[in-house]
J.: 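Before I ask anything, here is the structure I am working with.
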Amino acid sequence: MSEQTLQVFINGVVNYFQHTSDKEVKVGTPYLIENSAPSAFDYTGIIGVSGPYRGTVYFTAPKALLTHLLLALGEKDTSIDNILDLVGEVANTISGNARSEFGQEFMISVPVVVEGAPSGIHLPKHLRSYVIPVYWKAYSAAVVICLEN
């Protein structure tokens with residue numbers, strides 16, 4: 001995956017958080033991980049990708065970050081249902097921004113959201129994934145990208 005491709009996802013993260021009342025989001029240096037045990041926080045929104053790129057993009061975050069993000073977006077209902085909707089929305093928005101950049105052939109699925117350990121994330125063992133660390137307020141989250149073309 002090229003640096004330019006990674007930058008598209010980084011821009012998607014920054015653009016999403018700029019819509020909150022607290023626009024201060026920092027993105028760390030992306031790094032590679034093995035796909036044997038995908039790491040995740042409390043909640044994860046997973047997007048399948050097909051077309052010229054194939055694979056998975058997911059956004060994962062702790063409950064506290066998502067709760068505060070809901071409040072920053074003006075949503076007072078911080079129930080689990082809204083947290084699950086939000087983590088899926090963030091993953092969908094980041095992937096949707098990538099689709100805008102890569103074109104209509106970059107197909108993305110409806111987000112699948114999971115709570116707890118992401119046993120539903122099946123990453124190809126022959127590939128490695130990029131992790132983009134995300135820091136917002138006092139919290140850490142991540143966007144994980146596993147794409148091949």
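Note: hydrogens, waters and symmetry copies are ignored here, and every other heavy atom, side chains too, is used.
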J.: Heavy atoms only: give me the nearest Pro62-Asp42 pair and the separation to one decimal.
T.: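 Reported closest heavy-atom pair: CA-OD2, 3.4 Å.
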J.: Mind checking the CD1-CG spacing from Ile10 to Asn97? Nearest 0.5 Å is all I need.
T.: 13.0 Å
J.: Scan the side chains in residues 70-80 for donor-acceptor partners under 3.5 Å anywhere in the protein, sequence neighbours excluded, and list what turns up.
T.:
{"residue": "Glu75", "atom": "OE2", "partner": "Asp77", "partner atom": "N", "Å": "3.0"}
{"residue": "Asp77", "atom": "OD1", "partner": "Ser79", "partner atom": "N", "Å": "2.9"}
{"residue": "Asp77", "atom": "OD1", "partner": "Ser79", "partner atom": "OG", "Å": "3.0"}
{"residue": "Asp77", "atom": "OD2", "partner": "Asn82", "partner atom": "ND2", "Å": "3.3"}
{"residue": "Ser79", "atom": "OG", "partner": "Asn82", "partner atom": "N", "Å": "3.4"}

J.: Please assess Leu66 against Phe59 for the test side chain to side chain contact (heavy atoms under 4.5 Å, CB included), listing each intermediate value before the final yes or no.
T.: CA-CA 11 Å; Leu66 295 165; Phe59 174 75; 4.2 Å; yes
J.: Which atoms form the tightest heavy-atom contact between Ala64 and Tyr139, and what is the distance?
T.: CB-CE2, 3.4 Å
J.: So Val143 and Ile145, side chain to side chain contact (heavy atoms under 4.5 Å, CB included) or not? Walk me through it.
T.: CA-CA 7 Å; Val143 175; Ile145 304 162; 4.1 Å; yes
J.: Would you find a donor on one side and an acceptor on the other, under 3.5 Å apart, between the side chain of Ser109 and the backbone of Gly48?
T.: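 Judged by distance alone, yes, a pair lies under 3.5 Å.
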J.: Between Lys63 and Tyr43, what is the shortest heavy-atom contact and its length?
T.: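 Nearest pair, atom of Lys63 first, then Tyr43: CB-CE1, 3.7 Å.
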J.: Might you point out which heavy atoms bring Asn149 and Pro52 nearest each other, and give the distance in Å?
T.: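 The answer is CB-O, 3.0 Å.
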J.: Could you go through residues 124-134 and list every donor-acceptor pair under 3.5 Å that involves a side-chain atom there, pairing it with any protein atom two or more places apart or in another chain?
T.:
{"residue": "His126", "atom": "NE2", "partner": "Glu148", "partner atom": "OE1", "Å": "3.4"}
{"residue": "Arg128", "atom": "NE", "partner": "Glu34", "partner atom": "OE2", "Å": "3.3"}
{"residue": "Ser129", "atom": "OG", "partner": "Asn35", "partner atom": "OD1", "Å": "2.5"}

J.: Under the side chain to side chain contact (heavy atoms under 4.5 Å, CB included) test against Asn92, which residue among Val87, Val113, Ile108 passes?
T.: Ile108
J.: Roughly how far, to the nearest 0.5 Å, is CZ of Phe106 from CD of Glu101?
T.: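 Taking CD in Glu101 and CZ in Phe106, the distance rounds to 10.5 Å.
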J.: Which heavy-atom pair separates Ala91 from Gly45 by the least distance, and what is that distance?
T.: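 Nearest pair, atom of Ala91 first, then Gly45: CB-O, 3.3 Å.
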J.: Could you please spell out the steps behind the side chain to side chain contact (heavy atoms under 4.5 Å, CB included) verdict for Leu69 and Phe17?
T.: CA-CA 9 Å; Leu69 185 56; Phe17 279 88; 4.0 Å; yes
J.: Report the C-alpha separation of Asn11 and Gln7 in whole Å, then their side-chain angles, then the decisive distance to 0.1 Å, and conclude whether the side-chain hydrogen bond (donor to acceptor under 3.5 Å, both in side chains) test is met.
T.: CA-CA 6 Å; Asn11 292 344; Gln7 190 62 48; 2.9 Å; yes
J.: Does Phe9 share a hydrophobic cluster with Tyr135, counting links as ILVMFWY side-chain heavy atoms below 4.5 Å and allowing steps through other members?
T.: no
J.: Do the side chains of Val27 and Leu32 join up, straight or via other hydrophobic residues, at under 4.5 Å, putting them in one cluster?
T.: yes
J.: Go through the steps for Glu89 and Tyr16 under the test side chain to side chain contact (heavy atoms under 4.5 Å, CB included), then give the verdict.
T.: CA-CA 10 Å; Glu89 177 190 309; Tyr16 186 87; 2.6 Å; yes
J.: Using modelled atom types and a 3.5 Å cut-off, is there a donor and acceptor pairing between side-chain atoms of Thr60 and backbone atoms of Phe41?
T.: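 Yes.
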J.: Can you name the nearest heavy-atom pair linking Met107 to Gln104, along with the distance?
T.: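 Minimum heavy-atom contact is SD-O, 3.2 Å.
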